[in-house]
Amino acid sequence: MILDFLNESQREAVLKTDGPVMILAGAGSGKTRTLVARIQYLLEEKNISPFQILAVTFSNKAAREMRERLAANTQINVGALQVTTFHAFCAKVLRMESSYLGLSRNFTIYDDGESQSIIKALLAKRGINQKELSPYTVAAFIDGLKNLGFYLGLPKNEDVEKFAEDKRLFDIFMEYEAELHRSNAVDFGGLITGVLNLFRNFPEVLRKYQDKYKYVLVDEYQDTNRAQFNLVEQLSHHHRNICVVGDEDQSIYSWRGADIRNILDFEEVFPESNLVKLEQNYRSSKRIIEAASEVISRNLARKGKNMWTDNDEGDEIRIIECRDDKAEADYVGQSIRKLAQAGVSLKDIAVFYRNNAHSRTIEDALRREKFPYRVVAGIKFYDRKEVKDMISYMRVVVNKKDSLALTRIINTPARGVGATSLRKLEDEAVRLQLSLFELIEKMVEGPSEFKHLSLSGKVQSSLSQLVQLIQEVQALEAQKQPPSISYEKLLNESGYYEFLKADKSYEGAARLENLEELMSAIKQYEESDMDPALVKFLENITLDTTSTEDGPQDQVSLMTVHGSKGLEYPYVFLIGVEENIFPSYKSLEVGPTAIEEERRLFYVAMTRAMKQLTITFAQGRMLWGSLKFNGPSQFLQEIPSQYYTWESYQTSSRKEGFSSSRYSYDEFDQSPSHSEDVYYQDKVYQQKKPAVTLGNYPSGSKIIHALYGEGLVLASEGMGQDEKVTIQFRDGIKKKFMVKFAPLQKV
DNA sequence: GTTGCGCAGATTTTT
DNA sequence: TCTGCGCAAC
């Protein structure tokens, strides 16, 4: 029954339950289906208890999908299964065993931004100029060390030795670790290395987990770093039932520490392992699969798979040479219109780009064509200032050693505790070896002992109010009151609500709305957890940033190529396929291995498409303030010509500066293997100027603003609820508004 | 504390 | 060209 819907290799992947197995699963080969079947098989046929299975994925999205599919397919209590992300799993272990490492179980998890704040402070303390050594460089160094599985106390191996050559950086790393520890905080990388540290120093703890998990599964194995590999290797060391699933051709996160050696060396680490390849693709047309396979075959760092499909031949891939970025956007907009007219639903269409900056022109075009769209990624909800502020309040409640969170809110809203007072407090806290909050608590209890700080009466009374509020909320927590109660109290009594309410601008209103959204997120969380607590809520939101908003269903999807991994769409547009963009100029500087990663990225993009793939590039593109002529990407040459048609698209009648055959055939295709049969079609489309109907306030419209009077809309972006306009008023003042909050009227 | 200017930098971003 | 920031002045 479980095996019925599987092909032969998938079946093999399910049935080889014992001993190490590596499954190389090509794009669209039914990887998730196979993984789910494997777990189901373990549960139902082998009667393994769900408590003995650990399945780790990289993203929350993947974990959620797997859980949902399992819930739909089996009777067994899926809640007992550990299907989580690496980070969530490690956070859980660390909380459970926190006492071993001298953490307390309510430790805070710092995201990248917070880590960088710590680093900035450290650099400042050492008097290091940020230009001399950027916080980013330091963060990358620290992250790099952790990705290798290194933590203080561990003897350095070769990799680490090479990486940690720089004495100064290493010193900062040590200080950073100490600072985190003082704050009772752990960063993302530290979650993994923390568990490694725990396992190494307390073998009995390791043993416990090794015994517990009889079967360990790893999804998206190509994206794991060394630390994560060490982790699963140790966990499965006893039972040796480790199953990893991945695709070396889709490894696109090496810059995040993903180590392709994890795939290439798996069989050396586990000599008794089995290798299963899933090579049949169920997603894309023959042309797409064959073309993509040709491209990826040029990579050297791969084990090699032969993808094939039973699907139809399908349409030819379209390569569209556009005059400039504007024409490219026009082309995409019009093509989508044609698709829509032909009855294609918008949710089946996606536009991919190499970097976020390129979404702009496409967004404009789609708005012009009045097509709803969603930009995947963008600014994250939990990154917004007001949301972070309120989260910081909650953090201080939960973890009073979290001084970073306290500095964030100690004067937000303004309480008269400025930089000078804060500095005094910080120095004193360091001197007494207390956290900032602990110090202030002490000070409120016995102000006389802190006279030497000479803080004003105003500062002192503000602080005592703040301390009182936090303590009261801590008491609520101790009584197991729901987090939403605590949140509400913090929001109201901190003065934050008043503070935003007083801000009459559209931004203030938007902020309040975000805080309401945060409230509903908390409420939602409360309903999902049997035993809700602030700590857990806070952990959820730092480890899972997937936004829950789902908006209208039928819309075009826009995203970066990275963001497209794991998704599929019948109609795909891949734009900006130019040298220096895709592959990026950076990868061209770095060299062959970086270009191989770009090629994998290109491969990922191609294999998202099910029916139709359209690749566009611009002859000239506005980039960094000037018009750049990058020329078509080298990857286009790597697609054998029998798979594509090549068309040229020109928007305006102006031709000066561009020759439509700027890249003559000879110049362009120099690859010896298939240069003879490239054909070049120079179709020039007659382009009607699209009707300029933008959002409610298209650029050019005249408006009246209740406060500022008459004005002219210069630019408009976003649509519906998100529509934003830039307006120039009579005195030349430009202002940006969100339409939904601004008191605007058309003239 | 807020505003405003000048300057550098400008891939990707699962956690 | 656009943005984000660090720092100086109100």
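A, B, ... follow the sequence lines: proteins, then strands. Residue 1 opens every chain.
Out of C:dT1, B:dT12, B:dT15, the shortest distance to the side chain of A:D544 is found at B:dT15. You'll find that the side chain of A:W624 is closest to B:dA10, out of B:dT13, B:dA10, B:dT14. Relative to the side chain of A:Y253, the nucleotides B:dT14, C:dT1, B:dG1 differ in distance, and B:dT14 lies closest. Distances were taken from every side-chain heavy atom of A:N356 (C-beta onward) to each of B:dT14, B:dG1, B:dT12; the shortest belongs to B:dT12. Of the candidate nucleotides B:dT15, B:dT12, C:dT1, C:dT1 has the atom nearest to the side chain of A:M622.
Note: OH (A:Y136) to P (B:dT13) measures 12 Å, nearest angstrom. Counting to the nearest Å, the P atom of B:dT15 and the OH atom of A:Y110 are 21 Å from each other. The distance from atom CZ of A:R621 to atom C1' of C:dT1 is 15 Å, rounded to the nearest whole Å. Whole-Å rounding puts the A:I410 CD1 to B:dG1 C1' distance at 16 Å. Note: CG (A:D111) to C1' (B:dT13) measures 12 Å, nearest angstrom. Rounded to whole angstrom, the span from the CE atom of A:M559 across to the P atom of B:dT13 amounts to 11 Å. Residue A:E539 contributes atom CD, which lies 13 Å from atom P of B:dT15 at whole-angstrom precision. The NZ-P distance, from A:K565 to B:dT13, rounds to 12 Å in whole Å.
A:K385 NZ: more than 12 foreign heavy atoms inside a 6.0 Å radius. Annotation for A:K628: atom NZ counts as buried by contact number, over 12 foreign heavy atoms lying within 6.0 Å.
Distance check on atom C1': C:dT3 versus B:dT14 gives 26 Å, rounded to whole Å. The C1' atoms of C:dC5 and B:dT12 are separated by 22 Å, rounded to the nearest whole Å. Comparing the P positions of B:dT13 and C:dC2 gives an interatomic distance of 22 Å, to the nearest angstrom.
In terms of position along DNA chain B, the nucleotide closest to A:N411 lies nearer the 5' end than the nucleotide closest to the other residue of the pair A:N411 and A:E597. Looking at which nucleotide of DNA chain B each of A:E220 and A:S584 is closest to, the 5′-most match is held by A:S584.
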Would A:T407 and A:E426 count as a side-chain contact (heavy atoms from CB on, under 4.5 Å) if you check the C-alpha gap in whole Å, the side-chain angles of each, and the deciding distance to 0.1 Å?
CA-CA 9 Å; A:T407 38; A:E426 279 173 340; 3.5 Å; yes
Take A:D223 and A:R256, measure what salt bridge (charged side-chain N to carboxylate O under 4.0 Å, His left out) needs, and give me the verdict at the end.
CA-CA 9 Å; A:D223 291 332; A:R256 274 306 227 163; over 6 Å; no
Between A:R69 and A:E65, does a salt bridge (charged side-chain N to carboxylate O under 4.0 Å, His left out) hold up when you go through it step by step?
CA-CA 6 Å; A:R69 288 218 214 170; A:E65 189 184 339; 2.9 Å; yes
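Across all strands shown, A:E598 has heavy atoms under 4.0 Å from base atoms, whether or not it also approaches the sugar-phosphate. Using a 4.0 Å heavy-atom criterion, one finds that A:D112 contacts the bases of the nucleic acid, with or without backbone contacts as well. Using a 4.0 Å heavy-atom distance criterion, A:N355 is classed as a sugar-phosphate-only contact. Heavy atoms of A:T560 sit under 4.0 angstrom from primed sugar atoms or phosphate atoms, though from no base atom. Nucleic acid contact for A:G418: sugar-phosphate only, since backbone atoms but no base atoms lie under 4.0 Å from a heavy atom of the residue.
Inter-residue side-chain proximity for A:L466 and A:L406 is flagged as met; some heavy-atom pair is nearer than 4.5 Å. For the pair A:E220 and A:Q250, the minimum side-chain heavy-atom distance is 4.5 Å or more.
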Show me the protein contacts with nucleotides 7-10 of chain C, counting only N or O atoms at under 3.5 Å.
none

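Scanning atom types as modelled, one donor and one acceptor separated by under 3.5 angstrom connect the side chain of A:R354 and the base of B:dT12.
Both the sub-6.0 Å distance and the 45° axial angle are satisfied by A:R226 relative to the ring of A:F229.
Under the stacking criterion of a centre-to-centre distance below 5.5 angstrom and an interplanar angle below 30°, A:F86 is not stacked against the six-membered ring of B:dT15.
For A:F499 and A:Y496, the gap between ring centers is short of 6.0 Å.
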